[in-house]
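Worksheet: one structure, shown below.
All of these numbers come straight from a predicted model, not from anything done at the bench.
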Amino acid sequence: MAFARVARSGLRRTGGTFGSYSSEGDVLLCEGVSIHRGPLPSLKNAKAASDFSYISSFRKINHVNMQSRGIRVTPRYQSATAERIVEESESEYDEPRYPGLEATKPGEKPRVVVLGTGWAACRFMKGLDTKIYDIVCVSPRNHMVFTPLLASTCVGTLEFRSVVEPVNRIQSALATSPDSYFYMASCFGVDTDKHEVYCETISNGGLPHEPYQFKVAYDKLVIAAGSEPLTFGIKGVKEHAFFLREVNHAQEIRKKLLLNLMLSENPGIPEEEKKRLLHCVVIGGGPTGVEFSGELSDFIMRDVRDRYTHVKDYVKVTLIEANEILSSFDVSLRQYATNHLTKSGVGFMRGVVKEVHPKNIVLNDGTNVPYGLLVWSTGVGPSQFVKSLDLPKSPGGRIGIDEWLRVPSVEDVFALGDCAGFLENSGRPVLPALAQVAERQGKYLLELFNKIGKHGGKALSAKDIPLGDPFVYQHLGSMASVGRYKALVDLRQSKDAKGLSHAGFVSWLIWRSAYLTRVVSWRNRFYVAVNWATTLVFGRDNSRIG
């Protein structure tokens with residue numbers, strides 16, 4: 001221990017302290033290689049279960065590369081004393097230090113950190129005044145997904161690139177501003193006292209050490225981290241079912257569907273196995289499940305019967321729902337959808353899934369349903385990240401917010417979209433996890449931030465600023481496509497209210513026109529229009545790539 005103290009004092013005299021690291025936190029074995037020791041980090045709002053890579057491991061650090069894009073790290077020690085092997089006791093460490101963006105200084109623009117690239121986050125960033133704020137966006141994906149058209153990509157009605165928009169095209173400051181950044185990473189902790197978020201990069205081994213973790217200090221934090229599919233703890237769902245929330249989900253569904261079609265044509269396949277391979281089961285009768293069933297039945301009727309004539313009679317689609325399909329729609333529209341999908345070859349079953357196995361599912365009544373493709377669409381709930389945060393929660397486990405989308409009891413933290421819900425004491429109901437809710441919350445919050453920014457926008461500066469009118473949501477209606485040029489349009493403001501509702505070809509034109517105008521950019525509107533025209537003239541592409 002005496003030798004360790006002498007070595008440490010030598011490091012201090014030779015400039016061994018730098019940035020946010022100290023010489024007591026790193027022991028140098030040779031040039032560019034350090035041994036990090038210490039207890040697990042103690043973050044106020046992060047779970048201790050996080051996997052920290054700084055514990056008892058050897059790493060080679062590329063200091064030049066890590067200094068790019070504003071990430072500050074510790075330079076190499078220059079003294080020969082620093083290259084000794086030093087033994088230190090683990091008890092001498094307080095907590096790990098992270099490279100990253102430090103707090104903004106006086107005279108610098110306030111920094112807004114946004115977690116997520118969904119509807120709410122992208123609408124917020126698109127309109128935020130970058131003359132007032134710097135933006136740092138942290139998300140595991142670098143694009144926004146236009147989810148209402150995602151089901152169309154599974155069967156080739158649309159190409160995948162038609163429904164995604166890069167986040168740096170939505171907010172160009174992320175690519176052009178010297179102090180605004182996009183980090184492809186997942187947030188695993190928030191310290192509201194220090195005004196810092198802690199992140200872990202999404203990488204495949206190209207960084208100095210894995211997983212690579214860093215911190216970002218914020219003046220204002222906007223949590224728009226989205227949600228996760230609900231599985232209700234049912235055994236086998238995560239292992240064997242496909243979800244439909246991301247582009248990679250749609251890609252996997254498309255590959256599986258086309259693979260099953262081609263496998264079933266191989267010689268010697270038993271008839272029962274062909275029926276299983278070509279049985280597509282959809283769990284959940286909400287808008288996503290119904291639209292996917294409609295697209296799938298349309299694909300089977302128009303394309304599969306012409307191009308897979310040997311197995312066309314084995315293809316079957318079954319939708320399983322515990323209650324009524326499209327429960328938020330008008331009764332007459334529900335009945336129309338049921339009748340139309342039945343005529344298109346979609347079968348309906350009422351039941352609750354008990355277990356999911358690799359080739360079949362078991363319902364609560366003991367019914368065994370074999371399948372070749374299983375798509376799970378039973379709604380969404382809070383993500384593990386949201387559950388881990390030590391923040392107030394609304395009914396259902398979302399982050400609790402007040403009428404101005406602020407998180408009470410902490411300063412400078414806002415939440416919106418699927419991950420947020422009004423607190424019970426606000427007297428407001430938790431809003432549904434819909435794109436239009438998230439988009440309108442994002443629009444409201446950017447207007448609020450632009451107002452706050454005129455008074456400074458720095459951390460802890462909004463206490464005495466009047467915020468104006470609270471957020472008010474009015475439902476604009478619901479739409480759903482059911483395939484074969486038919487759709488449903490329900491313009492009632494609530495389930496029990498009166499209003500216009502319509503189904504049929506005219507509704508399908510309204511559905512397509514509305515979504516074409518809502519696609520984020522003119523580039524994607526052009527893609528979507530061309531894809532629709534190509535499919536109409538030439539049919540869907542059935543190439544399996546990958």
Side-chain angles (χ1 to χ4, degrees), residues 45 112 114-116 118-125 127-128 147-148 190 192 220-230 286-288 326-330 378-383 385-452 462-479 490-499:
N45 293 322
V112 178
V114 181
L115 305 181
W119 282 84
C122 288
R123 184 65 185 91
F124 170 77
M125 289 189 291
L128 192 64
T147 48
V190 178
T192 56
K220 298 284 186 289
L221 175 63
V222 177
I223 304 175
S227 54
E228 291 181 353
L230 284 174
T288 301
L326 301 172
S327 58
S328 63
F329 282 69
D330 183 72
T378 58
V380 295
S383 65
F385 167 68
V386 169
K387 292 177 183 178
S388 73
L389 294 177
D390 185 18
L391 296 173
K393 296 297 194 297
S394 70
R398 302 187 194 181
I399 299 171
I401 55 175
D402 64 11
E403 296 90 335
W404 292 273
L405 310 184
R406 300 176 300 183
V407 180
S409 75
V410 294
E411 293 290 337
D412 300 318
V413 180
F414 300 78
L416 65 166
D418 293 358
C419 72
F422 290 118
L423 288 166
E424 199 167 5
N425 59 16
S426 70
R428 297 187 175 201
V430 175
L431 296 174
L434 299 175
Q436 61 174 295
V437 174
E439 185 180 28
R440 294 173 71 184
Q441 286 181 334
K443 182 180 179 181
Y444 170 85
L445 192 62
L446 76 88
E447 293 172 354
L448 181 63
F449 268 53
N450 290 340
K451 181 189 298 184
I452 294 173
K463 293 182 178 179
D464 301 322
I465 299 175
L467 300 181
D469 296 331
F471 174 75
V472 177
Y473 172 71
Q474 286 187 334
H475 189 60
L476 299 178
S478 304
M479 296 185 293
D490 190 350
L491 299 181
R492 299 176 303 157
Q493 290 191 353
S494 67
K495 185 176 179 180
D496 301 320
K498 293 182 179 180

Side chains of D412 and L221 in contact at under 4.5 Å (non-hydrogen atoms): no
Non-hydrogen side-chain atoms of L405 and F124 separated by less than 4.5 Å: no
E424, CD: over 12 other non-hydrogen atoms inside 6.0 angstrom: no
Rounded distance (nearest 0.5 Å) linking atom OG of S394 with atom CG of N425: 11.0 Å
P392 side chain reached by V407 side chain, heavy atoms, under 4.5 Å: yes
Y473-Q441 side chain donor-acceptor pair, cut-off 3.5 Å: no
Inter-residue atom distance L416.CG - I223.CD1, 0.5 Å rounding: 9.5 Å
Which atom of I452 lies closest to which atom of L467, heavy atoms considered: CD1-CD2, 4.0 Å
Pair listing, salt bridge (charged side-chain N to carboxylate O under 4.0 Å, His left out) test, anchored in residues 392-403, at least two apart: D402-R406
Note, Q474 side chain near R440 side chain (heavy atom, < 4.5 Å): yes
Straight-line distance of S426 OG to I401 CD1, nearest 0.5 Å: 8.0 Å
Nearest non-hydrogen partners of H475 and Q436, listed with the distance: CE1-NE2, 3.3 Å
Test item: C419 and S227 side chains (from C-beta on) under 4.5 Å apart, heavy atoms: no
Minimum-distance pair of heavy atoms, taken over all atoms of K498 and R492: C-CG, 3.9 Å
Side chain proximity check, F471 to L448, heavy atoms < 4.5 angstrom: no
Heavy-atom check, side chain of P395 versus side chain of F422, under 4.5 Å: no
Q493 side chain to L476 backbone, donor-acceptor under 3.5 Å: no
From CA spacing to verdict: side chain to side chain contact (heavy atoms under 4.5 Å, CB included), L128, N450: CA-CA 7 Å; L128 192 64; N450 290 340; 3.7 Å; yes
Close side-chain approach of W119 and V437, heavy atoms under 4.5 Å: no
P408 to L423 - nearest heavy-atom pair and separation: CG-CD1, 3.3 Å
F329 versus D490, closest heavy-atom pair with distance: CA-OD2, 3.4 Å
Derivation of the side chain to side chain contact (heavy atoms under 4.5 Å, CB included) call for Y444 and V472: CA-CA 9 Å; Y444 170 85; V472 177; over 6 Å; no
Shortest non-hydrogen contact between W404 and L445, atoms and distance: O-CD1, 4.3 Å
